[in-house]
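Side chains are part of it too, since the values below use all heavy atoms of this structure and drop only hydrogens, waters and symmetry mates. One-based numbering along the sequence shown.
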Amino acid sequence: MKHSSYIVFILIVILLCPGCSLKTRIKRADKKFAIGEYYEAADLYRQIYPRISKNDKQLKGRVAFNQGECYRILNNSKAVSAYKHAISSKYQQTDPIVYLRYAQVLHYQSKYKEAEKYYGLYLQANPNDYVAQGGQYACQQVSTWKKEPSRYKLTLAKEFNQKRTSNFAPSFIGADASAVMFTSNRQEKSSSKKHKRPSPVTGQSTFNLYSSRRDANGKWGEIELPEGLYGEQTEETEQQNDSASADKTGTMELGVCSFTADGKTMYFTYSKPINGQDLGAKIFRSQRTGGEWGEPQEMKLFLDSSITVGHPSINATGDTLYFVSDAPGGVGGKDIWMAEYDADTWINVHNLGAQINTSGDEMFPCIRSNGELYFSSNSHPGYGGLDIFKAVPTAEKDSNGLVQWNLFNMGIPFNSQGDDFGITFDGDSPNGLLSSNRGQKKGYDEIYQFILPELIYQVEGKITDTNGDPIVDGTLRMVGNNGTNQKLQVRKDGTYHLKLDKETKYVMLATARGYLNEKQELTTIGLKDSYTYTQNFTLAPVSKPVPMNNVFYEFGKWELTKESEAGLNDLVKLLNDNPNITIELSAHTDMVGDSLANKELSEKRAKSCVEYLIKAGIEKERLTPIGYGENKPVIADQAIHKQHPFIPIEQELNEAFINRLESTQQKDICNAINRRTEFKVLKTTYKLY
């Protein structure tokens, strides 16, 4: 009996051990999740999930959701499948937040249609949720936003980045921007120490601050640890950063810094995990004497020392600090706060309010000298992940006395489907640096530089005669409504090039001796991008007839066709540009048909043109219509000869010449040339005397 009882006991232990082991693993994973060790918690949940019975949907859903939370916080694409598993296990019945989180990670991966669907499902349970409303709106609008990028140009700042490491949150040291400091987990080339164990929070190596200085040519120099800030590294400070370590401390990390305008005072985030928790981050200040940074001093922003603060940004005058915290009294998640410095004490510490902060995360503030606040958010409407926003203060305040802001998503190229954050500006210029993990499959952050190209407006073209030959002595005058008055002699080939001012309306007048003037207008008002106008001028000669090749009539009649309006409107413009000329407007036919009938037809055609000009506002006294019929055939010039080599220069296209041509096609060409409408200048002194 005793023997059989022992066997039964062993069997029970064997059967129960896997359950005990699973519960222990879940408890350990939950503990790491609670203290923020997301990297290790995610790995434990990954191992646990397939071992949970399919019948225990509640547990399976919770584990999958927690795993998704870990991956989402770590920017790991596996979050999508984890949340999907949670939904398939009906976790939404426990907490519909899974719909929102699933929508957010789909949004992050540019799966906008599917993300929109799950934002909608979450809104059914929480119709007034701003984050879900904004996410749904963004998914509907993002295709339009992508078609409207700003003028900024963004390129990778290779000098600050290192392969297989994260480099982010650059900050220029002082207003002159001659040096920069940024956060990185790179391994020192000169270090003989072993690589530290990856953080259980992020899975990455320890982050530190690094700096670089710009030389006289604008080139960035060697990347170095800031002198005086770190002191001597010891074996003790190299211990692994894990809650399981013997002393339960971990390795300190420094990052995300900001500087006063003189570059002599630095504020930075300092974190030394306690029991593996990432809740011990503080803001420290260090002052530079000579080339070294002095001993850091902690900034006391809250009475409760356990409150996490970080991501400092000091204003130009050094008396207002913007920072990030999840302190009680916030809107939710990580919020942006501010504090004022007075007599060695930080006072008026307050949350910036719901216009800036959401129930999600707002981080990496950057305050500019003009009062504009830049920050990153994963919950205001955007492209997915963290987007960079600009907040412009207004003169208004709310009922609590908080400043009101106008908020703008910075758009493309600042933002992408990845995380975009940590922006800094080169002094008061529009150029600067930012960090992003766009295009990085493993989520590494890289530093980018952005510039706003100068808007360049210009006009160029050529002044030619009616045959297309350049007028070498042409002159161009340009008058702008901003007071601009320029006069330019064209080049020998008739070309010109002029720069234009922004938001200006111009009148351009091309002139040359022996030619009529031509006037054109253009404007740079409202232009958002650089633009080059091409404006050519064709000047009509004063001394000889000018063909109007785009004036047409109904076949065998004198009624003008619709296609003739453009040519006649050009003549209206020419007459308005030259208000002191009178012209003869003549119509001509070919030799086909009765000569008297041809003359009568041409007279009626000339009168039709004149009537059109009069209706367009040209004074009748300036116009003389004449119909020549076939009596004035064309005398070929170089342009006609170039187009039709069988016609000699100076050859009159009379009946004798045309009849000598053997080709019917050549005869038709000559007759077509003779059928024309043209004008010539009679006087250039109309109403001058």
Side-chain angles (χ1 to χ4, degrees), residues 38-39 42 68-80 82 101 104-112 115 135 138 142 146 149 152-171 180 182-187 198-199 201-210 223 253 255-256 269 278 310-311 324 333-334 360-366 374-380 382-389 409-424 432-450:
Y38 301 115
Y39 179 75
E69 289 289 86
C70 292
Y71 284 139
R72 178 181 63 85
I73 294 168
L74 296 170
N75 296 325
N76 190 315
S77 61
K78 294 178 182 178
V80 172
R101 295 294 182 241
Q104 287 176 314
V105 294
L106 289 169
H107 191 162
Y108 187 91
Q109 294 190 2
S110 299
K111 298 176 180 178
Y112 300 118
V142 70
K146 288 182 177 181
Y152 278 90
K153 304 299 179 185
L154 188 78
T155 56
L156 190 65
K158 296 180 180 179
E159 54 269 58
F160 302 128
N161 298 308
Q162 188 181 82
K163 290 182 178 180
R164 294 183 292 280
T165 65
S166 282
N167 306 273
F168 62 91
S171 180
V180 70
F182 60 94
T183 307
S184 176
N185 61 354
R186 64 187 59 206
Q187 181 74 7
S199 164
V201 177
T202 64
Q204 297 192 44
S205 300
T206 302
F207 287 97
N208 288 315
L209 288 171
Y210 292 85
I223 307 297
E253 294 189 89
V256 191
T269 305
D278 192 26
H311 298 187
V324 173
K334 296 180 178 66
D361 292 331
E362 282 68 48
M363 303 182 290
F364 300 96
C366 171
Y374 294 78
F375 65 95
S376 290
S377 171
N378 61 9
S379 295
H380 286 295
Y383 296 79
L386 287 172
D387 273 14
I388 298 174
F389 290 83
N409 186 299
M410 290 291 285
I412 296 173
F414 290 92
N415 294 318
S416 66
Q417 70 181 59
D419 287 325
D420 308 289
F421 60 99
I423 194 170
T424 186
L433 302 168
L434 61 82
S435 41
S436 175
N437 63 6
R438 63 186 68 188
Q440 291 290 315
K441 293 182 179 180
K442 294 188 177 181
Y444 292 122
D445 301 311
E446 295 181 304
I447 296 175
Y448 290 78
Q449 58 187 2
F450 59 87

> Can you name the nearest heavy-atom pair linking Ser377 to Glu362, along with the distance?
Replying inline: OG-OE2, 2.6 Å
> If you take all heavy atoms of Arg186 and Asn167, which pair is closest and at what distance?
Replying inline: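 Looks like NH2-OD1, 2.6 Å.
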> Does the Thr165 side chain pair with the main chain of Asn185, one donor and one acceptor, at a distance under 3.5 Å?
Replying inline: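 No, Thr165 side chain to Asn185 backbone: no donor-acceptor pair under 3.5 Å.
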> Looking just at side-chain N and O atoms, do Asn378 and Asp387 make a donor-acceptor pair shorter than 3.5 Å?
Replying inline: no
> Can you find a side-chain donor-acceptor pair between Thr206 and Glu253 that sits under 3.5 Å?
Replying inline: no
> Do Phe375 and Met363 come within less than 4.5 Å of each other through their side chains, counting heavy atoms only?
Replying inline: no
>> Using side-chain heavy atoms (C-beta onward) and a distance below 4.5 Å, is Ile388 in contact with Leu434?
In response: yes
>> My understanding is that only residues two or more places apart in sequence, or in another chain, count here; which of them pass side-chain contact (heavy atoms from CB on, under 4.5 Å) with Leu156?
In response: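 Leu156 satisfies side-chain contact (heavy atoms from CB on, under 4.5 Å) with Lys158, Asn161, Glu446, Tyr448 only.
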> Taking the inter-plane angle between the rings of Phe364 and Phe168 on a 0 to 90° scale, is it parallel (under 30°), tilted (30 to 60°) or perpendicular (over 60°)?
Replying inline: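 Phe364 and Phe168: perpendicular rings.
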>> Working note: Tyr383 + Ser110, criterion side-chain contact (heavy atoms from CB on, under 4.5 Å); need CA distance, chi angles, decisive distance, verdict.
In response: CA-CA 8 Å; Tyr383 296 79; Ser110 299; over 6 Å; no
>> Checking Asp445 now: which residues fulfil salt bridge (charged side-chain N to carboxylate O under 4.0 Å, His left out) with it, not counting sequence neighbours?
In response: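 Here no residue qualifies.
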>> Once salt bridge (charged side-chain N to carboxylate O under 4.0 Å, His left out) is applied, do any residues pair with Glu69, and if so which ones, sequence neighbours excluded?
In response: Arg72, Arg101
>> Applying side-chain contact (heavy atoms from CB on, under 4.5 Å) to Leu433 and Val180, what does each step give before you reach the verdict?
In response: CA-CA 10 Å; Leu433 302 168; Val180 70; 3.9 Å; yes
>> Between Phe414 and Phe450, is the ring centroid distance below 6.0 Å?
In response: yes
>> Checking Ile223 against Phe182 for the side-chain contact (heavy atoms from CB on, under 4.5 Å) test, could you report, in this order, the C-alpha distance in whole Å, the side-chain angles of both residues, the deciding distance, and whether it holds?
In response: CA-CA 10 Å; Ile223 307 297; Phe182 60 94; 3.7 Å; yes
